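First up is the structure itself, then whatever we jot down about it.
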Amino acid sequence: MDIDYRLAFDAAPVGLVISRNRTMIDCNRQVCEMFAASREVLIGQSFQILYPSADEYERLGARIAPILNAKGFYSDNRIMKRANGETFWCHVTGRTLDRSDPHASGIWSFEDLSAQRPVRAELTGREREVAARLLEGLTSKEIGRALAISHRTVEIYRARLMRKYGASTAADLVHKLVSG
């Protein structure tokens, strides 16, 4: 049986991107649908256009490089941005093809989580990062270490998130982040 790898790539049930130096070299139809952009618009572009801010793109790239270098893969849930400016929760998984140069080339999958986890409040980039770590079950100290900020700063961001979501406890905040 002949396997048509191009058909498999294009018809995959998740978004797939092949990257080189954090630039999209190829993508499938699911990525185009998810990010509301044509293949022609996405190919040759930096992943930065899929992020809510350039700052988040830079910080995440710096944070995941050592993880890709050590493990060869990376995965998280984060807020991404469609071409129309709408933000949404997305599960992202990537594998580097060269652990010694983690951003040189990679394969990335994107799964739209907006049906299960809508974005209900306008959040800053740092609030989005803290929210994503809270959903992973990390403590303020663990989030602080992961984001290279103090745990007290994390607690300030968590308090802001609680106000924005009308949450009375940390568990209530997590519930509201998950259910919208």
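When a residue number appears, it is its place in the shown sequence, counting from 1. All values derive from a computational prediction rather than experimental measurement. Computed from heavy atoms alone, side chains included, the values below leave out hydrogens, waters and symmetry copies.
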Identified side chain to side chain donor-acceptor pair (under 3.5 Å) counterpart of N77 within the set E136, E111, H91: H91

Count I, L, V, M, F, W, Y as connected when their side-chain heavy atoms are under 4.5 Å apart, and connections chain through other members. Are I107 and V92 then in the same cluster? no

The side-chain contact (heavy atoms from CB on, under 4.5 Å) partners of R145 (sequence neighbours excluded) come to K141, E142

Can you name the one residue among L113, I79, D112 that meets side chain to side chain contact (heavy atoms under 4.5 Å, CB included) with F88? D112

Quickly, which of L138, V130, T153 forms a side chain to side chain contact (heavy atoms under 4.5 Å, CB included) with L147? Name it, please. V130

May I ask you to test the L134-L173 pair for a side-chain heavy-atom distance under 4.5 Å? yes

Tell me whether the rings of F47 and F110 are parallel (<30°), tilted (30 to 60°) or perpendicular (>60°). tilted

CA sep, side-chain torsions, deciding dist, call: V14, T93, side chain to side chain contact (heavy atoms under 4.5 Å, CB included): CA-CA 11 Å; V14 296; T93 303; over 6 Å; no

Nearest 0.5 angstrom please: R158 CZ to R163 CZ, how far? 12.5 Å

Contact check, side chains of I64 and H103, non-hydrogen atoms, under 4.5 Å: yes

Please answer: with hydrophobic residues joined when any side-chain heavy atoms are less than 4.5 Å apart, are I67 and F73 in the same cluster? no

Would you verify whether the NZ or CZ of R133 falls within 45 degrees of the ring axis of Y157 while also being under 6.0 Å from that six-membered ring's centre? no

Could you walk me through whether S100 and D98 satisfy the side-chain hydrogen bond (donor to acceptor under 3.5 Å, both in side chains) test, starting with their C-alpha distance in whole Å, then the side-chain angles of each, then the deciding distance to 0.1 Å, before giving a yes or no? CA-CA 5 Å; S100 68; D98 180 358; 2.6 Å; yes

Listed pairs under 3.5 Å, donor-acceptor, residues 29-42 side chains, sequence neighbours left out:
unit_1	atom_1	unit_2	atom_2	d
S38	OG	V41	N	3.2
R39	NE	D26	OD1	3.3
R39	NH2	D26	OD1	2.4

